[in-house]
Amino acid sequence: MKQGLPEAFVQAMEARLGAEMPAFLASYDEERLYGLRVNTWKVPVQAFLALSELELRPVPWAESGFYYKDGDRPGKHPHYHAGLYYIQEPSAMAPAELLDVRPGDRVLDLCAAPGGKTTQLASRLQGEGLLVANDVHPDRVKALVKNIELSGIRNAVVLNEDPEKLEGPFEGFFDKILVDTPCSGEGMFRKEVEMAKAWRPDWPERYAAMQRVLLRQAARMLKPGGTLAYSTCTFSQEENEAMIAEFLDANPWFEVVPVGGSAVHQEFAPGRPDWLPAGYARGAETAGTARLWPHRLQGEGHYAAVLRHRGSVGGGTPAAAEPERGLRVEPLRPREARPARKGAGRAGAAAPAADPLEALGRFAAEQLAAGPYSGAAVVWRGEHAYAAPKALPELDGIRVIRPGWYLGSVAKQRFVPSHALAMGLRASDALRSVSFAAANPRTVKYLKGETLELAADELHIAQEGIQPKGFVLVCVDGFPVGWGRWQDGLLKNDYPPGWRWT
Ligand SMILES: C[S@@+](CC[C@H](N)C(=O)[O-])C[C@H]1O[C@@H](n2cnc3c(N)ncnc32)[C@H](O)[C@@H]1O
């Protein structure tokens with residue numbers, strides 16, 4: 001692989017690393033590493049380890065992160081279809097971990113697609129609080145939505161917007177923000193050879209120009225006292241320490257939360273203020289940022305900085321209580337569903353004509369135990385219903401791809417539950433369910449979209465008086481994977497074509 005590295009890149013690294021360069025270069029001849037992160041919103045780590053036959057080794061810096069063996073294919077396993085884990089490069093687990101999200105936080109993932117870190121942040125929220133996931137590229141947002149749905153996340157709002165347009169509605173709004181910026185990708189050359197071929201010497205400067213803007217925009221959306229994590233998967237100081245030093249000089253009310261080289265994160269090397277050009281007043285503070293070196297730990301090259309807003313701006317008083325925002329709709333319970341009020345922005349259009357609320361209410365009464373979305377606000381876009389997390393500001397003029405958990409749609413006055421609804425439920429949320437073991441041949445048949453033979457007494461009916469005929473939540477090892485419809489000994493298959501086992 002060493003031979004495939006661009007010459008200008010090798011020279012730049014030599015100038016940076018000096019005596020460490022041979023070890024750095026040698027890392028390109030080592031095996032690449034494979035990681036997955038357990039989705040602790042769905043399954044606790046210990047329960048997953050007891051269930052899974054994969055041979056896993058912990059990633060030291062991510063509490064739910066594991067290395068798996070080359071040759072294993074966790075992406076081709078029913079547990080993957082159940083959203084029990086996300087396949088993620090081990091170093092890429094660091095930034096979201098460092099942000100230290102707590103249940104109930106309001107979190108923004110500004111450059112979120114395809115959603116590796118979004119799903120990690122969501123696991124930390126444990127269904128409480130709000131997660132806004134944004135990406136500017138429409139195609140990449142599709143993958144983001146799919147990963148959010150696969151992970152069963154209920155409290156995420158997906159936006160496809162230029163961050164400039166988010167600054168107004170979300171000014172000072174978030175407790176935690178992740179800015180996982182587009183970057184020159186130098187840390188990924190071992191994993192993705194194509195990136196090394198595409199790299200150009202002017203990329204660090206070009207990406208730095210974008211990153212500068214993104215960091216400034218993100219900071220405006222952070223609450224006083226909040227925390228922001230900035231990350232790249234590149235080595236150039238222009239995109240890393242220089243970005244942070246420049247930001248600190250311009251924003252004296254921010255400070256670095258030291259992580260690089262700390263006792264807690266022993267694998268992370270300190271940032272390198274000594275690589276900065278002269279002229280930054282607070283450049284020395286970047287020693288507290290973190291560099292993840294492929295020759296010093298088991299992962300690819302990354303950089304992460306954690307920045308804390310000190311709580312006051314320019315010596316003023318800290319903002320006491322958070323500002324009250326105009327909520328778009330009232331919280332609803334499934335059986336009390338009623339339309340979102342008009343003027344709710346593009347996220348909450350008026351309800352469709354054919355009494356969809358009644359259809360949703362009927363579905364909920366027949367299929368669901370009370371509560372899976374009772375704390376949220378039900379909003380409608382045409383015939384589509386979403387459970388929107390509370391405390392969302394008005395989003396007029398913002399491209400909202402998902403205003404919340406997609407529940408389903410109304411067709412011919414009947415409510416058709418979405419795949420996202422199935423994935424976000426617990427098995428116990430459904431009044432009618434069936435669970436197959438991962439190794440049961442019917443599992444893969446179901447995931448391939450086939451109709452299954454299923455006796456009525458194989459169904460789990462949670463309440464007396466519920467008939468076996470109707471929607472059934474299909475589970476693998478007790479974890480939902482999708483819907484089926486049971487009638488007369490057959491389970492018709494509603495597993496979506498785009499998700500099927502191939
Ligand atoms: C490093 S990737 C993000 C990876 C993602 N955080 C994950 O863990 O899966 C950077 C992302 O930034 C997005 N992006 C580029 N420019 C952007 C901008 N101005 N605003 C928001 N997102 C942007 C790209 O589309 C890309 O998906």
Side-chain angles (χ1 to χ4, degrees), residues 8-25 27 61 91 94-95 97-100 177-187 201-216 218-219 222 227-297 299-310:
F9 166 73
V10 174
Q11 279 170 11
M13 291 310 299
E14 200 133 40
R16 289 176 191 131
L17 288 174
E20 248 183 274
M21 190 64 181
F24 174 75
L25 279 181
S27 73
W61 51 88
S91 291
E97 198 75 15
L98 291 172
L99 193 54
D100 196 21
I177 297 181
L178 177 63
V179 195
D180 186 37
T181 60
C183 71
S184 61
E186 294 164 356
D202 66 342
W203 277 17
E205 282 301 335
R206 274 178 47 191
Y207 279 102
M210 277 186 236
Q211 292 153 349
R212 181 173 294 119
V213 175
L214 285 166
L215 184 51
R216 196 184 59 221
L222 191 68
T227 308
L228 182 154
Y230 171 91
S231 55
T232 72
C233 57
T234 204
F235 300 120
S236 76
Q237 60 272 28
E238 293 91 333
E239 300 174 73
N240 295 328
E241 287 86 353
M243 212 45 58
I244 300 304
E246 185 183 317
F247 178 81
L248 291 173
D249 282 357
N251 298 277
W253 47 91
F254 273 85
E255 64 193 5
V256 171
V257 179
V259 286
S262 69
V264 186
H265 301 286
Q266 287 167 8
E267 299 81 5
F268 300 169
R272 298 299 299 253
D274 51 320
W275 293 350
L276 288 171
Y280 294 108
R282 298 178 64 191
E285 295 172 45
T286 63
T289 64
R291 280 190 171 265
L292 280 65
W293 289 109
H295 59 294
R296 293 205 189 178
L297 50 69
E300 305 303 327
H302 268 261
Y303 174 82
V306 182
L307 304 171
R308 201 178 71 85
H309 190 302
R310 284 186 176 133

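All residue numbers refer to positions in the sequence shown, counting from 1.
- Note on ring orientation: taking the six-membered ring where Trp is involved, the planes of Trp293 and Phe235 are parallel (angle under 30°, cut-offs 30° and 60°).
- In this structure the side chain of Pro95 reaches within 4.5 angstrom of the side chain of Leu178, judged on heavy atoms.
- Taking Glu239 as the reference, nothing meets the salt bridge (Lys or Arg N to Asp or Glu O under 4.0 Å) condition, with sequence neighbours excluded.
- For the side-chain hydrogen bond (donor to acceptor under 3.5 Å, both in side chains) test, no residue two or more places apart in sequence or in another chain qualifies with Arg216.
- The backbone N or O of Ser231 lies less than 3.5 Å from a partner atom in the side chain of Thr181, making a donor-acceptor pair.
- Taking CD of Glu246 as the reference point, atom CG of Asn251 lies at 10.0 Å (rounded to 0.5 Å).
- The only member of Thr232, Leu214, Leu307 that meets side chain to side chain contact (heavy atoms under 4.5 Å, CB included) when paired with Val179 is Leu214.
- The shortest distance between side-chain heavy atoms of Met243 and Phe247 does not fall below 4.5 Å.
- Looking only at side-chain heavy atoms (C-beta outward), Ser236 and Arg16 come within less than 4.5 Å of each other.
- Listed by first and then second residue, the side chain to side chain donor-acceptor pair (under 3.5 Å) pairs involving residues 269-278 are Arg272-Asp274 (not counting sequence neighbours).
- Screening residues 277-292 for salt bridge (charged side-chain N to carboxylate O under 4.0 Å, His left out) gives Glu241-Arg291, Arg282-Glu285 as the qualifying pairs, with residues at least two apart or on separate chains.
- Separating the CG atom in Asp180 from the CG atom in Leu99 is a distance of 11.0 Å, to the nearest 0.5 Å.
- For the pair Ala245 and Thr286, the tightest heavy-atom approach, listed with the atom from each and the gap, is N-CG2, 3.9 Å.
- For the atom pair CE of Met13 and CD of Glu186, the computed distance is 7.0 Å after rounding to the nearest 0.5 Å.
- Proximity of Thr227 to Asp100: side-chain heavy atoms (C-beta onward) are nowhere separated by under 4.5 Å.
- When every heavy atom of Ala304 is checked against every heavy atom of Leu98, the shortest pair comes out as CB-CD1, 3.8 Å.
- Contact detail for Pro270 and Ala287: the closest heavy-atom pair is CB-O, 3.4 Å.
- Side-chain contact between Cys233 and Glu300: absent, with no pair of heavy atoms (C-beta onward) separated by less than 4.5 Å.
- Applying the side-chain hydrogen bond (donor to acceptor under 3.5 Å, both in side chains) test to Thr289 and every residue at least two apart in sequence or in another chain returns Tyr303.
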Original post:
Under the side chain to side chain contact (heavy atoms under 4.5 Å, CB included) criterion, do Tyr230 and Gln211 qualify, and how do the steps go?
Top reply: CA-CA 9 Å; Tyr230 171 91; Gln211 292 153 349; 3.4 Å; yes
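- Taking all atoms of both residues into account, the shortest heavy-atom contact from Thr234 to Gly185 is OG1-N, 3.6 Å.
- Across all non-hydrogen atoms, the minimal contact from His295 to Ala23 is CB-O, 3.4 Å.
- Of all heavy-atom pairs between Pro294 and Gly301, the closest is CD-CA, 4.0 Å.
- The main-chain N or O of Ala281 is found under 3.5 Å from a side-chain atom of Asp249 such that the two form a donor-acceptor pair.
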Could you list the donor-acceptor pairs under 3.5 angstrom formed between side-chain atoms of residues 254-269 and any protein atom two or more places apart in sequence or on another chain?
from, atom 1, to, atom 2, distance (Å)
Glu255, OE1, Arg310, NE, 3.0
Glu255, OE2, Arg308, NE, 3.0
Glu255, OE2, Arg308, NH2, 2.9
Ser262, OG, Val259, O, 3.0
Ser262, OG, His265, N, 3.2
Gln266, NE2, Ala263, O, 3.1

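- How far CZ of Arg206 is from OG of Ser184: 10.5 Å, rounded to the nearest 0.5 Å.
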